[in-house]
Novice: 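There's a structure below that I have some questions on.
As a basis for the values below, the full set of heavy atoms in this structure was taken, side chains included, without hydrogen atoms, waters or symmetry mates. Numbering of residues begins at 1 and proceeds along the displayed sequence.
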Amino acid sequence: MSVRTRPDLSLLPPYVPGRSVPGAIKLASNEVSAGPLPSVVRAIADAATSVNRYPDSGSGALVERLSGKLGVPEEQIAVGCGSVTLCQQLVQATCGEGDEVLFPWRSFEAYPIITQVVGATQRRVPLTSGHGLDLDAMAEAITPSTRLVFVCNPNNPTGTAVRTEEVERFVERVPDDVLVVLDEAYKEFVDDPHVPDGVELAKAHWSRGRDNVAVLRTFSKAYGLAGLRVGYAVGSPEVADALRKVYVPFGVNALAQVAAIASLDAEPELLERCRGLVVERGRVRAELLAAGYEVPETQANFVWLPLGERTAAFNEHCLDRKVVVRAFAGDGARVTIGSPEENEAFLAAARSFER
């Protein structure tokens with residue numbers, strides 16, 4: 001007799017992480033090439049002597065630091081194993097069978113997976129012709145069954161960002177009982193002053209009595225802690241409390257908590273590094289445009305090449321030249337901005353690709 005599992009799991013698409021190829025340059029997972037700062041590495045090493053003890057299940061010290069940094073009461077912050085786990089917890093906390101989760105597409109590829117795992121129904125809204133989020137179409141797609149809407153800003157994998165007035169207008173159109181989640185995994189790389197700070201935008205809505213806006217951020221990208229899995233959500237006290245009810249106890253390990261706090265201590269240095277990456281991002285995009293590629297304006301730490309049916313060939317071409325990019329078959333390739341030397345290797349591969 002075979003163990004019975006949910007029949008719908010056979011239809012569940014697997015999450016496909018960026019590939020790692022020995023000896024190749026990896027520009028597939030939006031990691032920062034430089035890694036954590038030396039002060040953060042030292043903090044991790046010091047904390048390693050205490051891993052025989054369970055971590056603080058509520059990440060109290062980290063929540064306290066984030067509260068001071070963001071100007072938000074501690075009761076409105078929940079910490080999780082990266083923002084992707086918090087995405088799943090939010091769906092678990094808001095949706096049951098028959099409820100809908102709405103999101104743009106293409107966007108973060110975990111959205112449809114976690115929606116199906118929870119047993120909710122997904123509703124995808126196509127991007128604009130410029131590869132950006134179509135917030136007007138998303139507002140029109142909301143139904144009485146919609147419980148949660150993901151707004152990835154900047155959007156992964158296209159890097160495009162929606163501006164403050166667009167987000168404000170969208171939130172005003174969303175019913176009060178539908179949670180809008182601003183997924184800001186790449187917030188630290190934004191240099192357009194017209195792209196909103198989600199926490200500040202949420203505060204304004206909370207002050208007007210609308211508590212249906214929450215924000216997700218992570219230490220995986222700009223802070224260089226992708227391997228330790230720590231992120232956080234900021235929302236109303238009710239949303240944060242609901243997240244804590246569906247979390248896995250002790251999910252955020254002790255080293256991750258220490259590393260996140262040490263990263264906040266070193267934040268000025270980390271943000272200076274982000275500014276350098278933004279300059280390099282502009283250079284890479286300009287070189288690709290000069291080479292004849294379509295590359296939408298990006299506010300993240302990657303560029304998007306909408307290559308359509310040529311995506312697979314481009315991916316193989318780059319692999320042959322020891323550069324690993326993230327290919328989305330039939331749509332395009334997402335390429336992380338690495339060090340100048342890594343970017344040069346990618347640009348050389350891109351220039352030699354016959355389209």
Novice: Is the closest side-chain donor-acceptor distance between Asn155 and Thr160 under 3.5 Å?
Specialist: no
Novice: Between Asp46 and Arg42, does any side-chain N to carboxylate O distance fall below 4.0 Å?
Specialist: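 Salt bridge flag = no for Arg42 with Asp46.
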Novice: Give a yes or no on whether a salt bridge exists between Glu267 and Arg65, defined as a side-chain N under 4.0 angstrom from a carboxylate O.
Specialist: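 No, this pair does not count.
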Novice: Using modelled atom types and a 3.5 Å cut-off, is there a donor and acceptor pairing between side-chain atoms of Ser59 and backbone atoms of Leu62?
Specialist: no
Novice: Do we see a donor-acceptor contact under 3.5 Å between the side chains of His317 and Glu354?
Specialist: no
Novice: I'd like to know whether CD of Glu269 has more than 12 heavy-atom contacts from other residues, nucleotides or ligands below 6.0 angstrom.
Specialist: no
Novice: Going by distance alone, is a donor N or O of one side chain under 3.5 Å from an acceptor N or O of the other, for Arg229 and Asn253?
Specialist: no
Novice: With a cut-off of under 6.0 Å to the ring centre and 45° to the axis, is Arg351 in cation-pi contact with Phe353?
Specialist: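 No cation-pi geometry.
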Novice: Checking Arg355 against Phe314: charged group under 6.0 Å from the ring centre and within 45 degrees of the axis?
Specialist: no
Novice: We want to know whether Asp56 and Gln257 form a side-chain donor-acceptor pair, criterion being a heavy-atom distance below 3.5 angstrom.
Specialist: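 Side-chain D/A pair, Asp56 to Gln257: absent.
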Novice: Give a yes or no on whether the backbone of Pro237 and the side-chain of Glu75 come within a donor-acceptor separation of less than 3.5 Å.
Specialist: no
Novice: Any salt bridge between Lys26 and Glu31, counting N to O under 4.0 Å?
Specialist: yes
Novice: Does Arg208 have more than 12 heavy atoms from other residues, nucleotides or ligands lying within 6.0 Å of its CZ?
Specialist: yes
Novice: CD of Glu165: more than 12 outside heavy atoms within 6.0 angstrom?
Specialist: yes
Novice: Examine the side chains of Thr336 and Asn30 and answer whether a donor and an acceptor come within less than 3.5 Å of each other.
Specialist: yes
Novice: Out of Val151, Ile142, Leu135, which one pairs with Val174 under the side chain to side chain contact (heavy atoms under 4.5 Å, CB included) rule?
Specialist: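 Of the listed residues Val151, Ile142, Leu135, the side chain to side chain contact (heavy atoms under 4.5 Å, CB included) partner of Val174 is Ile142.
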Novice: Using 4.0 Å as the upper bound for N to carboxylate O, is an ion pair formed by Lys203 and Glu200?
Specialist: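 Salt bridge: yes.
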Novice: Examine the side chains of Glu184 and Asn153 and answer whether a donor and an acceptor come within less than 3.5 Å of each other.
Specialist: no
Novice: If you measure from the Lys or Arg side-chain nitrogens to the Asp or Glu carboxylate oxygens, is any gap between Arg283 and Glu280 under 4.0 Å?
Specialist: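 Looking at Glu280 together with Arg283, the answer is yes, because their closest N to O distance falls below 4.0 Å.
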Novice: Does a donor on one side chain and an acceptor on the other come within less than 3.5 Å for Tyr247 and Ser57?
Specialist: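 Yes - a donor-acceptor pair under 3.5 Å links their side chains.
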Novice: Are Phe189 and Phe302 an aromatic pair, judged by ring center distance below 6.0 Å?
Specialist: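 Distance test on ring centres: not under 6.0 Å, no.
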Novice: Using every non-hydrogen atom in the two residues, find where Glu100 and Cys95 come nearest and quote the distance to one decimal.
Specialist: O-SG, 4.2 Å
Novice: Should the pair Arg275-Glu272 be classified as a salt bridge under the 4.0 Å nitrogen-to-oxygen rule?
Specialist: yes
Novice: Less than 4.5 Å apart, any side-chain heavy atom of Pro306 and any of Tyr293?
Specialist: no
Novice: Looking at Val284, Val278, Val279, which hits side chain to side chain contact (heavy atoms under 4.5 Å, CB included) with Arg281?
Specialist: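 Output: one option passes, namely Val278.
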Novice: Is the closest basic N to carboxylate O distance between Asp197 and Arg217 below 4.0 Å?
Specialist: yes
